[in-house]
Amino acid sequence: MSILQTFILFSFLLSASHAAVQDFCVADLSAPEGPAGYSCKKVSAVTVNDFVFSGLGVAGNTSGLIKAAVTTAFANQFPGLNGLGISLARLDLAPGGVIPLHTHPGGSEVLFVIQGSISAGFISSSANTVYLKTLNKGDSMIFPQGLLHFQLNAGKGPALAIVSFSSPSPGLQILDFALFANNFPSELVEATTFLDDAQVKKLKGVLGGTG
């Protein structure tokens, strides 16, 4: 067998090993979610509604602290996404609105601006380089998996974007809330962030943390 034939055979076997063995795996939301996602609902119980989601057509409530709202279409809201490696979200930003520095441990993100202007960026893990851009209607930006990134309204009116993820459950960890909206002892926050006691207590008070 030639090298070319061997390569073709190997490529076929590799691709076949990752092929789906069924058309879909609609999430069984009555079962717990595991590392590989939800288990599959019985095909006899699947309906067309499992593959349809209307929530992204409704604006989110932007009256809160960050003046922003994220409406997610993840596997637990959109069961048909389970196992397909994709999901969606709607991002609404009122004037002054911001999605603080955060990460998605489980997936990369693509943001597409529908309305307004959004300043967005991410920080590389290798050199702490900041990749920052003001995006306008029709612009898109990629945020690689696991990297700290943010979005904020860069205009005077409301901004709207649709986001896609490379996972049906990309996860979310917001840096400020991870540090200050919990029972992480203040002295440890101060020691690990170089903030002083007054700053930590103020931030914990704003975000509802204890400790």
Side-chain angles (χ1 to χ4, degrees), residues 14-94 97-112 114 122 140 142-151 160-184 207-211:
L14 184 62
S15 63
S17 68
H18 290 87
V21 297
Q22 55 192 37
D23 292 336
F24 46 75
C25 177
V26 173
D28 180 359
L29 300 181
S30 66
E33 184 179 16
Y38 289 97
S39 56
C40 305
K41 183 191 289 189
K42 291 182 179 180
V43 174
S44 60
V46 172
T47 73
V48 68
N49 291 330
D50 290 314
F51 304 102
V52 177
F53 183 76
S54 301
L56 300 186
V58 180
N61 181 1
T62 58
S63 63
L65 175 67
I66 61 175
K67 299 181 181 179
V70 179
T71 306
T72 56
F74 295 167
N76 55 339
Q77 296 99 21
F78 198 173
L81 291 173
N82 189 52
L84 299 182
I86 54 174
S87 60
L88 294 165
R90 172 184 174 133
L91 173 59
D92 288 282
L93 290 164
V98 58
I99 303 297
L101 280 169
H102 64 283
T103 68
H104 301 290
S108 297
E109 173 183 345
V110 179
L111 179 142
F112 177 68
I114 303 295
F122 66 89
S140 298
I142 296 169
F143 307 95
Q145 179 175 342
L147 297 186
L148 282 167
H149 60 285
F150 68 91
Q151 296 95 16
L160 168 64
I162 296 296
V163 179
S164 65
F165 297 95
S166 62
S167 167
S169 300
L172 170 68
Q173 186 171 42
I174 298 177
L175 181 61
D176 289 350
F177 288 89
L179 286 173
F180 307 112
N182 53 34
N183 61 350
F184 193 13
L207 298 176
T210 61

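In plain terms, the two heavy atoms of G83 and P168 that are nearest each other are N-CG, 4.1 Å. Of all non-hydrogen atoms in V70 and A89, the two that sit nearest each other are CG1-CB, 4.1 Å. The minimum heavy-atom distance linking S87 with A73 is given by the pair CB-O, 3.5 Å. Nearest heavy atom pair, residue S167 against residue G106, reads CB-O, 3.2 Å.
Of the possible donor and acceptor atoms, none in the side chain of S164 sits under 3.5 Å from a partner among the backbone N and O of L88. Here the side chain of S108 pairs no donor or acceptor atom with the backbone of P144 at under 3.5 angstrom. Side chain of D92 to main chain of A68: no donor-acceptor pair is present (N/O by atom type, distance under 3.5 Å, no hydrogens or angles). Although no hydrogens or angles enter the test, the distance criterion places a donor-acceptor pair under 3.5 Å between the side chain of D50 and the main chain of T47. A distance-only check finds no donor-acceptor pair linking the side chain of Q173 to the backbone of H104 [under 3.5 Å].
Separating the CG atom in N76 from the OG atom in S169 is a distance of 6.0 Å, to the nearest 0.5 Å. Once rounded to the nearest 0.5 Å, the distance linking CG of L84 with OG of S166 reads 13.0 Å. Summarising the geometry, atom NE2 belonging to H102 is positioned 11.0 Å from atom CG belonging to L175; distances are rounded to the nearest 0.5 Å. Rounded to the nearest 0.5 angstrom, K67 NZ and N61 CG are separated by 13.0 Å. To the nearest 0.5 Å, atoms OG1 (T103) and CD1 (I174) are separated by 9.5 Å. Residue K41 holds its NZ atom at 7.0 Å from CG of L29, rounded to the nearest 0.5 Å.
With ring centers used as reference points, F24 lies under 6.0 Å from F51. Aromatic ring centroids of F143 and H149 lie under 6.0 Å apart.
Residues L93 and V98 have side chains not in contact (no heavy-atom distance under 4.5 Å, counting atoms from C-beta outward). A 4.5 Å side-chain heavy-atom check between L91 and L111 finds at least one atom pair inside the cut-off. Residues V163 and V110 form no side-chain contact, since every pair of their non-hydrogen atoms from C-beta on lies 4.5 Å or further apart. Inter-residue side-chain proximity for V26 and N82 is flagged as unmet; no heavy-atom pair is nearer than 4.5 Å. Y38 is not listed as a side-chain neighbour of D28, based on a closest heavy-atom distance of 4.5 Å or more.
Taking the six-membered ring where tryptophan is involved, the planes of F165 and F74 are perpendicular, since the angle between them exceeds 60° and thus also 30°.
Environment of CD1 in I142: sparse, with no more than 12 heavy atoms of neighbouring residues, nucleotides or ligands closer than 6.0 Å.
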